[in-house]
Amino acid sequence: MPDAVATLRLPPRMHFGYGARAQLPEAIHIHGRRVLAVLDPFLLRSPLYGETTDALTAAGLELRVYSDITPELPVDTLDAAGATAREYGADVILAIGGGSTLDAAKLIALLATHDGPLSRYYGENLVPGPVLPIVAVPTTAGTGSEVTPVAVVTDPARELKVGISSPFLVPAAAIVDPEYTLGSPATVTAYAGIDALVHAIESYTARPLDITWPGTLPVFTGRNALIESIALQAARHLGPWLPVAVRQPDDRQARAEVAMGALLGGMAFGSTGTHLCHALQYPIGALTKTPHGLGTGLMLPYVMDVLRQDNDVAERLTALSTALEGIPVVTRAAEINREIGIPATLAEIGVGREQLPQIADLALGSARLLAISPVTPTRDLLLDILQRAHTGQLTEERTA
Ligand SMILES: NC(=O)c1ccc[n+]([C@@H]2O[C@H](COP(=O)([O-])OP(=O)(O)OC[C@H]3O[C@@H](n4cnc5c(N)ncnc54)[C@H](O)[C@@H]3O)[C@@H](O)[C@H]2O)c1
Ligand SMILES: [Fe+2]
């Protein structure tokens, strides 16, 4: 592959496994002593809260806790937190929580270092320089935000959620201890976990961007030789284990497998980007007020069913199906959705047939996501996918 280019931008430190939280004091100390701890509100009621904060103070760190995280992350709720980080003189941000909390921490780190409003930074590569270092600890297994360069917010002035993507938002450390995910409710586990599988599959099927140096390197590079085995490995962990983690929330092995799959999925898509399931989920989520992973998961079989008409995608899906226990991707994705309670059709989540053109038009606005679609994303292609997803129409798939 003489013309291949590849890029990885990841936290310099990653620790994974039950007990990995023991690395927190060291991972934080590297950056200073004054810690703004951005904590998911659920954590304040968990025994892990006292254990974690005690360990940090015993290690000589000074903590201020911020846990005023509003679901969906309305953009104006973050300004005050940014001001708190500045006024406190935080050296480092510790973020423990679901994707919303980790994303909030990224944006607080940004506002602590650079002037707002956040809308200045919507889009790609607009963050002007380093932000406060972030030590990220996920408590859901899905978004991969602990390793990715993006944070997503809701801005009432915009129809869809918006992303701020910059290599400067990649955390300084990711500490993934599945212990934190043990109490997460079945729906959160299902939605976050299926989103991780979508990350792996979209990352692996992304089209290569035409990157030449010198020139500005996009945040998301499209197909990327450095993540190929990472994406496949993510699918290998998630395929068999996500349904178990949803069915048996106390199964420690299932929780660890899904946490590993989510981490690997984040490493993969954080470099390549994601494409059509995500482009379509943004308008679907906005119209139906359904969670991110419910929408990306619902769309996954339909998007891949249409894209696999392309030979190159079909080849990539064959490799992915080997990672999914030899079951073809579309079939397995639909099965997993059934097993974990993701609705099978857009009609089931209240989307009217007459809304499909509007969804397609809004999705066409997601230039960054469409740029790495493996098949040219015309309005007709998106409408075809949406119509199939509306009625639950999947084509027959031969075993790989
Ligand atoms: N930055 C990225 O790379 C990226 C990628 C995908 C999605 N996202 C964003 O992440 C958000 C979704 O994140 P999420 O799926 O992790 O959910 P979330 O962070 O919104 O959390 C969902 C709910 O679960 C609770 N919760 C979290 N962990 C828990 C636990 N261990 N036990 C009990 N309750 C727990 C939270 O308090 C919250 O009420 C969306 O806003 C999405 O846009 C970001
Ligand atoms: Fe996602």
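Start at 1 and go down the list; that is how both ligands and their atoms are numbered. Throughout, residue positions are numbered sequentially from 1 according to the sequence presented. Being a predicted model, the structure only gives us computed values, none of them experimental.
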Considering only NZ, NE, NH1 and NH2 on the basic side and carboxylate oxygens on the acidic side, decide whether Arg255 and Glu179 come within less than 4.0 Å. no
To the nearest 0.1 Å, how far is [atom] from its closest protein heavy atom, and which atom is that?
atom: atom 31 (N) of ligand 1; result: Tyr180 O, 2.9 Å
atom: atom 10 (O) of ligand 1; result: Thr143 CG2, 3.4 Å
atom: atom 3 (O) of ligand 1; result: Thr148 OG1, 2.7 Å
atom: atom 44 (C) of ligand 1; result: Asp103 OD2, 3.2 Å
atom: atom 22 (C) of ligand 1; result: Val188 CG2, 4.2 Å
atom: atom 43 (O) of ligand 1; result: Lys161 NZ, 3.3 Å
atom: atom 26 (N) of ligand 1; result: Phe42 CD2, 3.7 Å
atom: atom 18 (P) of ligand 1; result: Ser100 OG, 3.4 Å

Can you tell me if, anywhere in Cys277, an N/O/S atom lies at a distance from the Fe ion (ligand 2) that is smaller than 2.8 Å? no
Please confirm whether [X] comes under 4.0 Å of ligand 1, counting heavy atoms of the residue only.
X: Tyr191; value: no
X: Pro185; value: yes
X: Val150; value: yes

Heavy-atom neighbours of [X] [atom1] exceed 12 at 6.0 Å:
X: Arg207; atom1: CZ; result: no
X: Asp54; atom1: CG; result: yes
X: Glu325; atom1: CD; result: yes

Looking only at heavy atoms, what is the nearest atom pair of [X] and [Y], with distance?
X: Tyr122; Y: Arg158; value: CD1-NH2, 3.4 Å
X: Ala190; Y: Ile342; value: O-CD1, 4.4 Å
X: Arg308; Y: Ala314; value: O-CB, 3.6 Å

Side-chain (Thr345) to main-chain (Glu348) donor-acceptor, under 3.5 angstrom: yes
Atoms of ligand 1, numbered as shown, that sit under 4.0 Å from any heavy atom of [X]:
X: Val152; result: 43 (O)
X: Asp40; result: 27 (C), 36 (C), 37 (O)
X: Thr140; result: 14 (P), 16 (O), 27 (C), 28 (N)

Would Arg388 count as a cation-pi partner of Tyr302, with NZ or CZ less than 6.0 Å from the six-membered ring centre and within 45° of the ring normal? no
With under 30° as parallel and over 60° as perpendicular, where do the rings of Phe220 and Phe269 fit, or are they tilted in between? parallel
So, applying side-chain contact (heavy atoms from CB on, under 4.5 Å) with Leu346, which one of Val351, Thr288, Leu287 is it? Val351
Examine the side chains of Thr391 and Arg353 and answer whether a donor and an acceptor come within less than 3.5 Å of each other. no
Asn224 and Thr272: side-chain donor and acceptor closer than 3.5 Å? no
Honestly, for Leu102 the part within reach of ligand 1 (heavy atoms, under 4.0 Å) is neither
Backbone, side chain, both or neither: what part of Phe269 comes under 4.0 angstrom of ligand 1, heavy atoms only? side chain
Geometric N/O contact Thr181 with ligand 1, under 3.5 angstrom: no
Would one find an N or O of Gly99, backbone or side chain, under 3.5 Å from an N or O of ligand 1? yes
So, for atom 16 (O) of ligand 1, does the protein have a heavy atom nearer than 4.0 Å? yes
Quick one: does atom 38 (C) of ligand 1 have a protein heavy atom under 4.0 Å from it? no
